[in-house]
Amino acid sequence: MRRKLAAGNWKMNGCKADLAQIKALCAAHETATVDLLICPPTTLIGAAAEICADHALQIGGQDCHAQASGAHTGDISAQMLADVGARAVIVGHSERRSDHAETSDDVRAKASAAHDAGLQAIVCIGEHLAEREADRTLNVIGAQLADSVPGDASAENTVIAYEPCWAIGTGLTATPDQISEVHDFIRDRLVGRFGPEIGQAIRLLYGGSVKPGNASQIFAVQNVDGALVGGASLTSRDFSPIISALEGAVEVS
Ligand code: PGA
């Protein structure tokens, strides 16, 4: 049984006052039956981790450099994230891939750096709309998966997030059938590469306009082990019902 994970990606949102949302989440989910992760901007990680010190809610980063230290002005290493209390880091988010021209090779190096620092890497993959319309979704996902996930991946150090680029921040959500097709494909590929034990144990998140109103439908899809949530993770009011939907999820298809 894979333990479910509700992960929030605050992106470039949040100042000190917004730590109140993390306090509220801790208070509302004292005894969560799923894993909880919030990835605030780097500036808030230390304070957020202190708030969550006695709570199951974990704090993560949104990106890291592939190297542990060095002359890389403005960058943050996985070690530095771990040092201030992060337990995970998102790598290869489509906004990093497009804004910073990150390739899957870059993403794999970052995931390895995360592993070396003892962080869980949340490796993001997803197709663009033009690729879906050209019927290339599974080719794109297969290549990104193969190139972005390091060979030492395990259920403890790696989570895969399938986030179709056209669904991120757009209000468009992939249908349960579309999610199911891609998640089953990813599961097969993981089992093929890492063997059944590891391949079946690595968690697969869906991301892209997950909201309180559509979460239950998404969580009912087989091989969906949780969500990576952007906009709706910014407030406890929106994220809390998504967590509750995941706790109550029963896979039907
Ligand atoms: P969204 O973002 O929930 O705002 O669509 C998801 C993500 O980018 O992780």
Side-chain angles (χ1 to χ4, degrees), residues 4-14 18 21-22 25 34-42 44-45 48 57-64 86 88-100 102 104 107 110-111 114 119-129 131-132 137 140-141 144-145 148 158-176 178-179 182-183 186 203-219 221 224-246 249:
K4 305 213 179 262
L5 169 62
N9 170 14
W10 281 15
K11 310 192 179 185
M12 199 172 70
N13 298 292
D18 298 294
Q21 300 300 328
I22 290 178
L25 275 178
V34 298
D35 287 347
L36 303 177
L37 174 72
I38 292 284
C39 300
T42 310
L44 296 182
I45 289 177
L57 194 156
Q58 297 191 340
I59 299 300
Q62 299 175 12
D63 177 53
C64 66
V89 60
I90 298 168
V91 291
H93 189 280
S94 69
E95 287 150 17
R96 299 286 319 173
R97 290 179 188 261
S98 60
D99 292 0
H100 300 274
E102 287 184 10
S104 289
V107 175
K110 289 176 179 225
L119 297 181
Q120 188 164 65
I122 317 264
V123 180
C124 300
I125 55 177
E127 82 285 2
H128 289 280
L129 185 57
E131 292 165 335
R132 176 164 283 277
T137 298
V140 171
I141 295 298
Q144 287 185 347
L145 187 68
S148 305
T158 302
V159 171
I160 311 290
Y162 168 55
E163 300 203 300
C165 299
W166 50 271
I168 294 176
T170 58
L172 297 173
T173 318
T175 65
Q178 289 171 326
I179 298 172
V182 176
H183 278 232
I186 296 171
R203 294 180 289 184
L204 309 185
L205 308 183
Y206 168 78
S209 297
V210 177
K211 308 278 179 223
N214 61 22
S216 296
Q217 195 189 19
I218 293 166
F219 295 150
V221 178
V224 172
D225 304 311
L228 181 56
V229 183
S233 73
L234 292 173
T235 62
S236 166
R237 189 198 58 212
D238 285 339
F239 198 43
S240 191
I242 293 174
I243 294 167
S244 300
L246 187 59

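What you see below is based on every heavy atom in this structure, not just the backbone, and it leaves out hydrogens, waters and symmetry mates. From a predicted model like this one, the values you see are computed outputs, not experimental measurements. Both ligands and their constituent atoms are indexed starting at 1 by order of listing.
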Next on the checklist: Using a plain distance cutoff, I'd like to know if Lys211 has any nitrogen or oxygen under 3.5 Å from a nitrogen or oxygen of ligand 1.
Outcome noted: no

Checklist entry - Out of Asp35, Asp225, Thr158, which residue meets the side chain to side chain donor-acceptor pair (under 3.5 Å) rule with Arg203? => result Asp35

Checklist entry - atom 3 (O) of ligand 1: which protein heavy atom is closest, and how many Å away? => result Gly230 N, 2.8 Å

Checklist entry - What is the ring orientation for His183 with Tyr206, classed by angle as parallel under 30°, tilted 30 to 60°, or perpendicular over 60°? => result tilted

Next on the checklist: Tell me the contacting part of Ala167 for ligand 1: side chain, backbone, both, or neither, using a 4.0 Å heavy-atom threshold, strictly below.
Outcome noted: backbone

Checklist entry - Looking only at N/O atoms, are Ile168 and ligand 1 under 3.5 Å apart anywhere? => result no

Next on the checklist: Within ligand 1, which atoms have a heavy atom of His93 less than 4.0 Å away?
Outcome noted: 7 (C), 8 (O), 9 (O)

Next on the checklist: Between His93 (side chain only) and Glu95 (backbone N and O only), is there a donor and an acceptor less than 3.5 Å apart?
Outcome noted: yes

Checklist entry - So is Thr170 polar-close to ligand 1, meaning N/O to N/O under 3.5 Å? => result no

Next on the checklist: I need the atoms of ligand 1 closer than 4.0 Å to a non-hydrogen atom of Gly208, numbered in the order shown.
Outcome noted: 5 (O)

Checklist entry - Under 4.0 angstrom from ligand 1, any heavy atom of Ala232? => result no

Item to check | Test of proximity, Gly169 against ligand 1: N or O pairs below 3.5 Å | outcome: yes

Checklist entry - Taking Gln62 for the side chain and Lys11 for the main chain, is one N or O donor matched with an acceptor at less than 3.5 Å? => result yes

Next on the checklist: If I compare all heavy atoms of Pro212 with all of Asp238, which pair ends up nearest, and what's the gap?
Outcome noted: CG-O, 3.4 Å

Item to check | Heavy atom of the protein closest to atom 9 (O) of ligand 1 (residue, atom name, distance) | outcome: Glu163 OE2, 2.6 Å

Item to check | Closest non-hydrogen atom pair between Ile242 and Val210, with its separation | outcome: CD1-O, 4.0 Å

Next on the checklist: Any atom of ligand 1 sitting under 4.0 Å from a heavy atom of Lys11?
Outcome noted: yes

Checklist entry - Is the backbone N or O of Gly171 less than 3.5 Å from a side-chain atom of Ser209, with the two atoms forming a donor-acceptor pair by type? => result yes

Item to check | Distance-minimising heavy-atom pair for Val91 and Ala121 | outcome: CG2-CB, 4.3 Å

Next on the checklist: Can you tell me which portion of Asn9 lies within the under-4.0 Å heavy-atom range of ligand 1? Options are side chain, backbone, both, or neither.
Outcome noted: side chain

Item to check | Exercise: identify the closest heavy-atom pair between Ala245 and Ser216 | outcome: CB-OG, 3.7 Å

Next on the checklist: Looking only at protein heavy atoms, which one is nearest to atom 4 (O) of ligand 1, and what is the separation?
Outcome noted: Gly231 N, 2.9 Å

